Amino acid sequence: MQYSKQNRALTLVWQALAAIVIVVAAALPAEALAQALPSLGEGDEMSLASERALGERIAAEIYRDPSYVQDPVLQDYVQGQLARLIQAALARGEMTAEMHERFAWKVMLVRDRTVNAFALPGGFFGVHLGLLAVVDAPEQLASVLAHELSHVTQRHIPRLIAQEKRQTPLMIGAMILGAIAATRSPDAGQALMVGGQALAVQNQLNFSRDMEREADRVGLALMQPAGFAPQGFVAMFDKLQAANRLNDNGSWPWLRSHPLTSQRIADMHARLPRDLAPPAPAPLTHLMAQARARVLMRPGVAQWRQWLEDGQDAELAARALPRRVTVRTQAVLAAMQLGEWKNARAALLLLQADLQGEAPALQQARWLGAELELAAGDAPAALKALGAASTEPTRAELLLRTRVLLANGQGAAMADALQTWVSLHPADGGAWQALSQIWRQDAQMLRAVRAEAEVQAAHYDYAGAVDRLRAGQDLARKSAGAQDYIEASIIDTRLAAVKSLLEEQTRERRLDD
């Protein structure tokens, strides 16, 4: 109850501040207002490069925020769904090859209990853990991602700028402030965005009604080609509509940013083909990801303890397999959060027994076992729990295996695999971070410093990357050997490239000041 009162108080404060911001902004001369907002390009439409640069600046703030979640298992799951939708959009001609090449197409997870997702300029997508916690099937999550993807592919922000040249800068400014503030306080961010949009587009946050309908229709058309049941789109709408009737506590901000209307819902129902087969039951891996998101939201000790007790309930054995998997996954993770290793291991054994014959889910349970032993401080047991490496490991497995081997003093065994990975995914900050730890453990300090610089660059902190690369140059002057010479040459080349990016970023910020 106290938490709810604090949220309402914060909301009122931020709404008042937002109103002040909008009033002041409205009173500014057009020239001053233009200087106070991000440079969005010239002409009737923002260029792809300008849109990407704007998105990077917002993403950099989110990466630096404590609410940003680095969980490779959930990241892989959501990014995999988005990748399928992107391929469908390419195949259908909804995005150009140039857009596909220039934009980031990155998912950022935010530790927040509210049900929300948002698209940023340049192909960045924010997903709250609260959304992952309530979607009952993959197609429901895919429907939200498809809708947000369609806002990007249809270039709704540049189109708004062209349609509403005077009002749109206010909306964009409020969106930027709100997206950053939302990572610290969802109420604050929501109030800022709603306040800014109220003046610009009559409480339609981010996009006009026509653009919302367009995102619905384009997003729905992506579902089947991407391998998702289109009914998921309607099921998610029905879930959101029910929440809109029953909840007005701020926990469903997606409803406020994408307000539903009966016409939109009816349109989606009408567009569903009539001969569709019923959707398949949610795979167990989805239920495990859903349970993981619930626990990692950090709802508090009381809730964790309740989930642990639910997993110990003797009557659970009589429940259906999906329910057992959900409850027992929650129990393992909750016990880990509580530091109750014995209870966590007991729940894991029951979960693994339930998953015999379910290969993908059983693999997830093995990884969970390795995480458990790592958290408990038993590195050899973590290595044993992890088992043999897959022939085609996912990013999550690569990073987890690296953590386990590092804990066992054997991190160098993963160096080649991770170097191959970053050569294909050079903007993967998590993989670069793992490489930096490997090279430090192997006393290859020059390589470690360069990898640390690449982490900063991947998160668009170009000033931080330049600092680390210069530190690498200083270290190289004190080093000797052929390998150090090669690494020093790479550092020199990367420093020139990152300095160029920093100069461009600095120029844009000066335009805003």
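Please read these numbers as outputs of a predicted model, since none were measured by experiment.
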| request: Apply the test salt bridge (charged side-chain N to carboxylate O under 4.0 Å, His left out) to residues E51 and R155: give CA-CA distance (whole Å), side-chain angles for both, the deciding distance (0.1 Å), then the verdict. | output: CA-CA 9 Å; E51 191 172 348; R155 310 223 45 219; 2.6 Å; yes
| query | Does the side chain to side chain contact (heavy atoms under 4.5 Å, CB included) test come out yes or no for L406 and I438, once each step is laid out? | reply | CA-CA 7 Å; L406 280 166; I438 287 172; 4.1 Å; yes
| request: Begin with the C-alpha distance, continue with both residues' side-chain angles, and end with the deciding distance and a verdict on side chain to side chain contact (heavy atoms under 4.5 Å, CB included) for F233 and R271. | output: CA-CA 11 Å; F233 220 101; R271 288 176 181 274; over 6 Å; no
| request: List the steps, then state whether side chain to side chain contact (heavy atoms under 4.5 Å, CB included) holds for W105 with M99. | output: CA-CA 10 Å; W105 311 119; M99 178 185 288; 3.8 Å; yes
| task | Show the numbers, then the answer: is there a salt bridge (charged side-chain N to carboxylate O under 4.0 Å, His left out) between R494 and E487? | result | CA-CA 11 Å; R494 287 295 290 146; E487 195 66 28; over 6 Å; no
| said: Let's go through L120 and I62 carefully: what are the C-alpha distance in whole Å and the side-chain angles of both, what is the deciding distance for side chain to side chain contact (heavy atoms under 4.5 Å, CB included) to 0.1 Å, and is it a yes or a no? | reply: CA-CA 11 Å; L120 299 176; I62 296 175; 4.0 Å; yes
| said: Test salt bridge (charged side-chain N to carboxylate O under 4.0 Å, His left out) on E56 and R52; report intermediate values, then the result. | reply: CA-CA 6 Å; E56 285 184 4; R52 169 67 185 263; 3.0 Å; yes
| field | Derivation of the salt bridge (charged side-chain N to carboxylate O under 4.0 Å, His left out) call for E340 and R345 | value | CA-CA 9 Å; E340 298 187 9; R345 292 182 180 108; over 6 Å; no
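A donor atom on one side chain and an acceptor atom on the other are found under 3.5 Å apart for Q306 and D310. S390 and E397 are linked by a side-chain donor-acceptor pair at a separation below 3.5 angstrom, with hydrogens and angles left out of the test. Donor-acceptor pairing under 3.5 Å is recorded for the side chains of Q330 and R294. In this model, a donor atom of one side chain and an acceptor atom of the other lie less than 3.5 Å apart for S67 and D65. In this model, a donor atom of one side chain and an acceptor atom of the other lie less than 3.5 Å apart for Q444 and D442. With no hydrogens or angles considered, no side-chain donor-acceptor pair links E214 and H151 at under 3.5 Å.
R57 contributes no side-chain N or O that, together with a main-chain N or O of Y460, makes up a donor-acceptor pair within less than 3.5 Å. The closest donor-acceptor contact from the side chain of W304 to the backbone of V295 lies under 3.5 Å. Checked by atom type and distance alone, the side chain of Q231 pairs as donor or acceptor with a backbone atom of A277 at under 3.5 Å. With K106 contributing its side chain and A427 its backbone, the two residues share a donor-acceptor pair below 3.5 Å. Distance alone, capped at 3.5 Å, is enough to place a donor-acceptor pair between the Q79 side chain and the V107 backbone. Side chain of E148 to main chain of A119: a donor-acceptor pair is present (N/O by atom type, distance under 3.5 Å, no hydrogens or angles). Side-chain atoms of T153 do not come within 3.5 Å of backbone N or O of M95 as any donor-acceptor pair. Under the 3.5 Å distance criterion, the side-chain polar atoms of Q290 are matched with a main-chain donor or acceptor of A133. When atom types are taken as modelled, the side chain of R324 and the backbone of L351 share no donor-acceptor pair closer than 3.5 angstrom. Under a 3.5 Å cut-off, the side chain of N408 and the backbone N or O of Q410 do not form any donor-acceptor pair.
Residues satisfying the salt bridge (Lys or Arg N to Asp or Glu O under 4.0 Å) test with R319, not counting sequence neighbours, are none. Remark: R395 pairs with D428 by the salt bridge (Lys or Arg N to Asp or Glu O under 4.0 Å) rule, at least two apart or across chains.
To the nearest 0.5 Å, atom CG of residue L399 and atom CD of residue Q75 are 10.0 Å apart. Going from atom CG of L368 over to atom CE of M336 covers 6.0 Å, rounded to the nearest 0.5 Å. The CG atom of D216 lies 4.5 Å from the CE atom of M268; values are rounded to the nearest 0.5 Å. Interatomic distance, CZ of R450 versus CG of L435, reported as 8.5 Å (0.5 Å rounding). Atom CE in M223 sits 9.5 Å away from atom CZ in R84 (nearest 0.5 Å). Annotation: the span from F228 atom CZ to L222 atom CG amounts to 10.5 Å, rounded to 0.5 Å.
Around atom CD of Q356, more than 12 heavy atoms belonging to other residues, nucleotides or ligands sit under 6.0 Å away.
Residues T96 and L90 are not in side-chain contact: their nearest non-hydrogen atoms beyond the backbone lie 4.5 Å or more apart. Residues E454 and R468 fail the side-chain proximity criterion, which asks for heavy atoms closer than 4.5 Å. L321 places a side-chain heavy atom less than 4.5 Å from the side chain of L284. N116 places none of its side-chain heavy atoms less than 4.5 Å from the side chain of V127. Between L400 and R366 the shortest side-chain heavy-atom distance does not fall below 4.5 Å. Contact annotation: the side chain of M414 approaches that of L398 to within less than 4.5 Å [non-hydrogen atoms, C-beta and beyond]. Inter-residue side-chain proximity for L333 and W307 is flagged as unmet; no heavy-atom pair is nearer than 4.5 Å. Counting heavy atoms from C-beta on, the side chains of R213 and R217 come closer than 4.5 Å.
Ring to ring, Y77 and H286 are close: their centroids are under 6.0 angstrom apart. Between F124 and Y63, the ring centre distance reaches or exceeds 6.0 Å.
The shortest non-hydrogen separation linking L287 to P322 is CD1-CB, 3.5 Å. When all heavy atoms are compared, the tightest approach of P121 to L54 is CG-CD2, 3.8 Å. M297 and D112 get closest at one heavy-atom pair: SD-O, 3.9 Å. Scanning both residues, A434 and T402, for their nearest heavy atoms gives CB-CG2, 3.9 Å. Between L374 and A407, the closest heavy-atom pair is CD2-CB, 3.6 Å. Here the closest non-hydrogen pair linking P279 and E139 is CB-OE2, 3.4 Å.
Evaluated for a side-chain hydrogen bond (donor to acceptor under 3.5 Å, both in side chains) with E452, the options Q433, R447, R440 yield exactly one hit, R440.
The aromatic rings of Y68 and H459 stand perpendicular to each other, their planes meeting at an angle above 60°, with 30° marking the opposite boundary.
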